[in-house]
Amino acid sequence: MDYQFKDIEKKWQKFWADHQTFKTEDKSTKPKYYVLDMFPYPSGAGLHVGHPLGYIASDIFARYKRLKGFNVLHPMGYDSFGLPAEQYAIQTGQHPAITTEANIATYRRQLDQIGFSFDWSREVRTSSPDFYKWTQWIFMQLFNSWYNKDADKAESIEKLVKHFEQSGSTGINAVCDDETASFTADEWKAMSNQDQQKELLKYRLTYLRQSTVNWCAALGTVLANDEVKDGFSERGGYPVEQKKMMQWSMRITAYADRLLKGLDSIDWPEPLKEMQRNWIGKSVGALVRFQISDFRFENEDKTNLQSLTSNPYIEVFTTRADTIFGTTFLVIAPEHELVASLTTPDQKADIEAYIAMAKKKSELERMADAKTVSGAFTGSYAINPVNGEKIQIWIADYVLAGYGTGAVMAVPSGDQRDYLFAKHYNLPIIPIIDIQKIDTEADPTKEGRYINSGFINGLTYKEAIVAVVAKLEELGAGKAKVNFRMRDAIFGRQRYWGEPVPVYFKGDLPYLISENELPLVLPEVDKYLPTESGEPPLARAENWKYKPTAAPSKSPPVGETYQAHLTGSYRETADPIYYEQLKNFSAANRNQPTEAENTLWQLLRKDQTGYKIRRQHAIDIYIADFVSLQKGLIIELDGHHHKLNKEADDARTEVLNHFGFTVIRFTNDEVLQNPQRIFDQIKEKLNSLENRDLTKFSDATNTSEVKVSPTGGDLEGAGNADTYEYELSTMPGWAGSSWYWYRYMDAHNDEEFASKEAIAYWKDVDLYIGGSEHATGHLLYSRFWNKFMKDLSLVVAEEPFKKLINQGMIQGRSNFVYRLIDEMGRGTNTFVSHGLIKQFKTSPLHVDVNIVENDVLNIEKFKKSRPEYADAELILENGKYICGVEIEKMSKSKFNVVNPDDLIERYGADTLRMYEMFLGPLEQSKPWNTNGIEGVFKFLRKFWRLFHNEAWEFSISNDEPTKAEFKSLHKIIRKVEEDIDRFSFNTSVSSFMIAVNELTDFKCNKRGILQDMVIILSPYAPHICEELWIQLGNEAGTLSYAAYPKFNAAYLIEDEFSYPISINGKTKMNLNISLSLEPKDIEAHVLADAGVQKYLGGATPKKVIVVKGRIVNIVL
RNA sequence: GCGGAAGUGGCGUAAUUGGUAGCCGCACCAGACUUAGGAUCUGGCGCCGCGAGGCGUGGGGGUUCGAGUCCCUUCUUCCGCACCA
């Protein structure tokens, strides 16, 4: 049979799916290898040929690793929350879930027909509640954590609370908001719960704060810095403005240093690491305080006067504290909070005019305008702390409010911007280094010795910077400071199609919903637009409110008054509905014990008190934390805020007493501080009580009405039966993608985001392939979340992706036809071939690349492509119409999209896979050009033919291969190993061609060679290889796990080598010389050769260089 | 402006530690087989030159017996950042 790729590929794709050939086991004696692709956003356009490039490379790698005996995890899923589906929903009213579902179906069909070896049983979708339940859960962990700088890791917020209760705010070294309060332990305890929560929010790793955000009005949402490019949204290209809003943020800045350091430990492309370093933007410098001189005037704006009069200084950030003696003025940003207070009445008009002008300039104009010098003098002066000089304070928009302190010390001799400013406004310029050249521009040199610089005169840079910082610290006028350019990441989006934030509001304060309430499912809305009042789309959801009563927590839901079941039959029949619920709650509580509960349980379990203790046991409408039914003793643990619920507790105790239980209470802190003491107290109490078997309790039927508030336990936020507003913004697109690789490890786990065992086994991603466009988004956020989860011991690796490869972008290659323009300037229906356009007046038009081959227009198809082209006239060259070419982004509007479906239809998936690899180095960006695909197709047919005779019958010989045949085989065995190891897939494809060309020349159809060839080629062209593999008599489906052939160097050993003989470095001829000869003998042999003698022309060589097995060079 | 990557035939590219520059394809040319060819096979194919030979890895310079590869300098292209103090 001829090579029938269509049948073969269909057959094996079905086989792999039916037999789950690529389903990965979590338990294996093989070493693990995790090959991950960046999962796609399923867009409506489907895949074009650029998308699979990285997937093909990773698939080859994954298949290769399987052959090499690894247990390979190679999963795929969809990053299915996002803007396009939502924009489509806004336009059409179609629910984004439906659009997304349809797009995923298209993607899946397209992916399947390329023959990837994904383990689809582990598929994830970020928009599925099973998945985003855990995205929300991780959010909750972030909310419940703070960053302890002393431990250099995230820790539980409980630990912070404990510290506050014991020592107040002293001794806390946290990454937190700037304006945290100072308080003693007693002051903390005296605070209302509200105030405590407000303070804690300043420490949480995800927090709500009034922040300046990138607001995109057209999209109706805020955007993160990495989603804004040059003042426009990355998606859609809409203008973005700065706006102050209450927003969720992630305290990624806490990890700035670790994110920076971690880069040194991972095998990523250097440009990408550099981009992250840039984005993090660490600069080591100092904060310096400049006192305000003679601050005495009044001003109608008194907002900051208070702080100014008590603390009259401006703080600047500088990386060049050594240049402080060259400071000749200060510049503060126009938005700086002290501007109004510093402005003297004389200067008021100037300053206000300048601010008005600066405000009008958009972000873009301000950037474009970087070279124009502008500013205004405030009229105030500051004192240089090191020399007491009085210097002017200016405002200018080259100083950014958002970086450092929003103020700089201007050193015109060393900083070009300061230099230009000083020249423009005639401010002094003082040289401070002996070799500084400052006639025409600033000289930021660090060489030379300091002059005009007081106590650092004569020092070098290294000495000076240390001396200045020390002096500033001594004076109390400054300190060393590391600054980062990276800002905390805005985490909320005012959009519909994203993960709901698992938070509700009581007063102004956010509270987490309960963990067992997850997932908080995205509600239905009538429209996907903001409300009239400008609230996010989720505000449209009807009855979407948080009801604590509906929240199964430590206590079941109850109304205001409740007919307590003082019937004496609390266990089975109190209320069948409640009883079911209660059992569920208890189970949930047992799975998620608090720290204190867990600590105590370790002491109480297994009868360590001498009595059987149950935990989270349902009793009537309550759940007891711990109970001994034998003694009727209930042990309750209370959180710190529990004092609010005294009334409820009393009622609860009353009911429990009624049943014959004794209730004792401890606080969580008591347990955590001294568990043994609590244990002793419990034991003592148990011993003192009489036995009373309450397991079969049946008291007199004595019903009484008891007032019960809805909480009997630790329900956070309880206290009334009101409903609360949920957070209305959703999470950004990067939330789900910041941890998804862990879900693949254990994709169907309902109890955890992934089991401890799965994480311990798979650990991290060994190879990650994806585009560099995610450098400062996904790849940074993923590292951040990973480090956070490591801190909480949820995962084991500090870095998630050990090795990363960026596949290059596939650009479009547009073709053009040239329409003739007549004398009147009108377009005609005549088209001129590209080589002739200089002779005519033409205008280029995009033409569909799919009707052009090797830049020659298919005229027949062209005429059919549009009705108006049907009678078009074409001016040809050499009988052909040659199209023009340009490289552009691949897009529908440019008619340059090449769809993999068409190519698979025509050449098959194996050809497409190999051709995409053959295009060039994986990491290199290149335009798509279908021109060479025939060559790869021919290769596969040639390979197929090796196994068939002239009548196209399968025909293989069992003869012993020749030495030359073995040599071809072992060359390719080694070559492919080396190439795959360095991700050089293009070179291995050409080596396959060489091997098959050689074997064709040998007319080799020997099993001893071809069977191994099938294995080696199978990662690249799996379908054809599977087919040949069973034809060779092997069991179907076993090829994927066959053993990669072993390289044997013996087959490559040569007796002779054709030495290039060069004279003065120029190769003149070749000589076959035995490889057993040593350099001295080679030299003699070469010089004796007649051909060489001819070149020498009788001259005696000055020197002869012989490199054994490489070259002979004769120097004349 | 700063940082990074890269410049090799008509085109995509190859040359793993400095050791024969142009492998493998595409396109093109010639030929064979054919009713035909968008099939297959054979040969050619960096540039100049009839040839001998010479010149060739963006340009210039250097190190070396020998440089596409290392160093300096310069130009060009692409990518990222951009008034970051």
Side-chain angles (χ1 to χ4, degrees), chain A residues 229-230 269-279 281-283 285 316-320 323 331 366-367 369-373 396-400 402-411 414-418 420-421 444 483-485 772-773 775-776 806 808-809 811 853-856 858 885 887 915 918-921 923-936 938-939 941-942 945 975 978-979 981-982 984 986-994 997 1058-1070 1101-1107 1109-1116:
Chain A
K229 291 258 157 8
D230 302 327
E270 198 48 47
L272 200 126
K273 290 202 212 178
E274 202 54 37
M275 275 160 79
Q276 291 210 345
R277 285 192 195 106
N278 250 316
W279 185 263
K282 180 177 183 170
S283 44
V316 304
F317 175 74
T318 178
T319 52
R320 291 295 300 272
T323 65
V331 190
R366 204 164 146 167
M367 285 192 293
D369 215 20
K371 292 207 173 65
T372 340
V373 176
D397 64 2
Y398 79 84
V399 176
L400 305 175
Y403 184 75
T405 60
V408 303
M409 56 180 226
V411 184
D415 183 285
Q416 185 60 16
R417 292 154 304 172
D418 298 343
L420 291 173
F421 198 83
N483 226 357
F484 291 96
R485 184 155 65 218
S772 62
E773 66 271 22
T776 51
N806 287 131
M809 262 239 299
Q811 294 138 302
E853 203 158 330
N854 286 319
D855 300 332
V856 178
N858 184 319
V885 176
I887 306 304
Y915 183 58
F918 188 61
L919 276 177
E923 305 202 46
Q924 192 171 303
S925 282
K926 54 228 156 195
W928 178 264
N929 187 348
T930 310
N931 290 352
I933 198 167
E934 291 279 351
V936 174
K938 273 191 235 168
F939 155 75
R941 298 203 338 187
K942 216 165 163 180
R945 194 172 313 130
K975 174 75 174 154
E978 285 169 353
D979 284 350
D981 283 345
R982 60 193 175 104
S984 177
N986 55 326
T987 52
S988 46
V989 175
S990 72
S991 304
F992 280 125
M993 292 174 174
I994 295 169
N997 286 346
S1058 169
Y1059 279 89
I1061 311 300
S1062 59
I1063 295 176
N1064 290 335
K1066 297 275 173 216
T1067 307
K1068 298 291 178 188
M1069 58 186 289
N1070 282 48
K1102 276 196 198 126
K1103 202 175 179 188
V1104 178
I1105 311 241
V1106 178
V1107 182
R1110 284 236 190 250
I1111 201 165
V1112 177
N1113 190 16
I1114 301 167
V1115 187
L1116 286 179

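Treat the numbers as computed from the prediction; the structure is a model and nothing was measured. A note on names: the letters A, B, ... follow the listed sequences, proteins ahead of strands, and every chain is numbered from 1.
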Trainee: Just call it for A:Glu274: base, sugar-phosphate, or nothing, with non-hydrogen atoms closer than 4.0 Å on any strand.
Mentor: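 Sugar-phosphate, backbone atoms only, no base.
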Trainee: For B:G54, take OP1 and OP2 only and decide whether either is under 4.0 Å from a side-chain N or O of A:Lys1068.
Mentor: yes
Trainee: 5'-most contact on RNA chain B: A:Gly406 or A:Pro271, nearest heavy atom basis?
Mentor: A:Pro271
Trainee: Work out how far the C1' atom of B:G38 is from that of B:U20, and round it to whole angstrom.
Mentor: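 Each nucleotide's C1' atom is 39 Å from the other's.
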Trainee: Salt bridge or not for A:Glu270 and A:Arg277, using N-O below 4.0 Å?
Mentor: yes
Trainee: With respect to the side chain of A:Ser990, which nucleotide from B:U20, B:C65, B:C24 is positioned closest?
Mentor: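 Selected nucleotide (nearest to the side chain): B:C24.
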Trainee: Does the side chain of A:Ile1061 come within less than 4.5 Å of A:Lys1068's, by heavy atoms?
Mentor: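 They are not in contact (no side-chain heavy atoms under 4.5 Å apart), so the answer is no.
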Trainee: Touch check for A:Pro927, heavy atoms < 4.0 angstrom, all strands: base, sugar-phosphate only, or nothing?
Mentor: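 A:Pro927: no heavy atom of the nucleic acid under 4.0 Å.
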Trainee: Rounded to the nearest Å, what distance is computed from the CD atom of residue A:Glu978 to the C1' atom of nucleotide B:A14?
Mentor: 15 Å
Trainee: Let's test your reading of the model: under 3.5 Å, does the base of B:U40 pair with the side chain of A:Arg945 as donor and acceptor?
Mentor: no
Trainee: Given 3.5 Å as the limit, does a donor-acceptor pair link the side chain of A:Ser1062 with the main chain of A:Val1112, or not?
Mentor: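 It does hold such a pair.
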Trainee: Looking only at heavy atoms, which two atoms of A:Tyr915 and A:Gly932 are closest? And how far apart?
Mentor: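 In this case the closest contact between A:Tyr915 and A:Gly932 is OH-N, 3.2 Å.
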Trainee: Rounding to a whole Å, what distance do you find between A:Met809:CE and B:A5:C1'?
Mentor: 15 Å
Trainee: Using atom NZ of A:Lys926 as one end and atom P of B:G12 as the other, report the distance to the nearest whole Å.
Mentor: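 After rounding, the reported distance stands at 12 Å.
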Trainee: Checking all strands, does A:Arg277 fall into the base, sugar-phosphate, or nothing category for heavy-atom contacts under 4.0 angstrom?
Mentor: nothing
Trainee: Give a yes or no on whether the backbone of A:Ser283 and the side-chain of A:Asn483 come within a donor-acceptor separation of less than 3.5 Å.
Mentor: no
Trainee: Distance check needed: B:C84 C1' versus A:Arg320 CZ, whole Å only.
Mentor: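 So the CZ-C1' distance, A:Arg320 to B:C84, works out to 15 Å.
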Trainee: Pick the C1' atom in B:U64 and in B:C71, then give their distance to the nearest Å.
Mentor: 12 Å
Trainee: Roughly, in whole Å, what's the span from CE in A:Met993 to P in B:A14?
Mentor: 14 Å
Trainee: So do the side chains of A:Asn278 and A:Arg485 get within less than 4.5 Å of each other, counting heavy atoms only?
Mentor: yes
Trainee: Does the side chain of A:Asn986 get closer than 4.0 angstrom to OP1 or OP2 of B:G25 through an N or O atom?
Mentor: no
Trainee: Does B:G66 pair with anything, Watson-Crick or G-U wobble, both distances under 3.5 Å, and if so, with which nucleotide?
Mentor: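 Across all strands, not a single nucleotide pairs with B:G66.
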Trainee: Can you tell me which nucleotide in B:U20, B:A15, B:C84 comes closest to the side chain of A:Ile1111?
Mentor: B:U20
Trainee: Picking from B:C24, B:C65, B:A15, which would you name as closest to the side chain of A:Asn997?
Mentor: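 Ranking B:C24, B:C65, B:A15 by closest atom to the A:Asn997 side chain puts B:C24 first.
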Trainee: Side chain of A:Asn278: nearest nucleotide among B:C81, B:U20, B:C84?
Mentor: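 Side chain of A:Asn278 sits closest to B:C81.
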Trainee: Are a donor atom and an acceptor atom from the side chains of A:Asn1113 and A:Lys1103 found within less than 3.5 Å of each other?
Mentor: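 Absent: no donor and acceptor within the cut-off.
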Trainee: Assign A:Val1107 to base, sugar-phosphate, or nothing according to its heavy-atom contacts below 4.0 angstrom with the strands shown.
Mentor: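 A:Val1107: base contact, heavy atoms under 4.0 Å.
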Trainee: Taking OP1 and OP2 of B:G80, is either one under 4.0 Å from a side-chain nitrogen or oxygen of A:Ser772?
Mentor: no
Trainee: Is the ring pair A:Phe317/A:Tyr403 parallel, tilted or perpendicular, if the boundaries are 30 and 60 degrees?
Mentor: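 Because their plane-to-plane angle is over 60°, the rings of A:Phe317 and A:Tyr403 count as perpendicular.
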Trainee: If we only count heavy atoms from C-beta on, is the A:Met409 to A:Thr323 side-chain gap below 4.5 Å?
Mentor: yes
Trainee: Nearest-Å distance, CZ (A:Phe992) to P (B:G25)?
Mentor: 14 Å
Trainee: Does OP1 or OP2 of B:U40 have a side-chain N or O of A:Arg941 closer than 4.0 Å?
Mentor: yes
Trainee: If a protein heavy atom is under 4.0 Å from the base, mark B; if only from the sugar-phosphate, S; if neither, -; do that for nucleotides 27-34 of chain B going 5' to 3'.
Mentor: S-------
Trainee: Indicate, with a heavy-atom threshold strictly under 4.0 Å, whether A:Ile994 touches base, sugar-phosphate, or nothing.
Mentor: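 The residue A:Ile994 makes sugar-phosphate contact but no base contact.
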Trainee: On a whole-Å scale, what distance lies between the P atoms belonging to B:C84 and B:G18?
Mentor: 40 Å
Trainee: Measuring only the C1' atom in each nucleotide, how far is B:G10 from B:G46? A whole number of Å is fine.
Mentor: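 So the two C1' atoms sit 11 Å from each other.
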Trainee: Atom CE of A:Met275 to atom P of B:C81: distance rounded to whole Å?
Mentor: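 These atoms are roughly 6 Å apart.
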Trainee: How would you label the contact of A:Tyr1059 with the nucleic acid (heavy atoms, under 4.0 Å): base, sugar-phosphate, or nothing?
Mentor: nothing
Trainee: Expressed as a whole number of Å, how far does the P atom of B:C47 sit from that of B:C29?
Mentor: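 One P to the other, the span is 15 Å.
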Trainee: Using whole Å, report how far CZ of A:Arg485 lies from C1' of B:G80.
Mentor: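 Nearest whole value for this atom pair: 11 Å.
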Trainee: For B:G3, what is the paired nucleotide under Watson-Crick or G-U wobble rules, both distances under 3.5 Å?
Mentor: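 The answer is B:C79, by the H-bond criterion.
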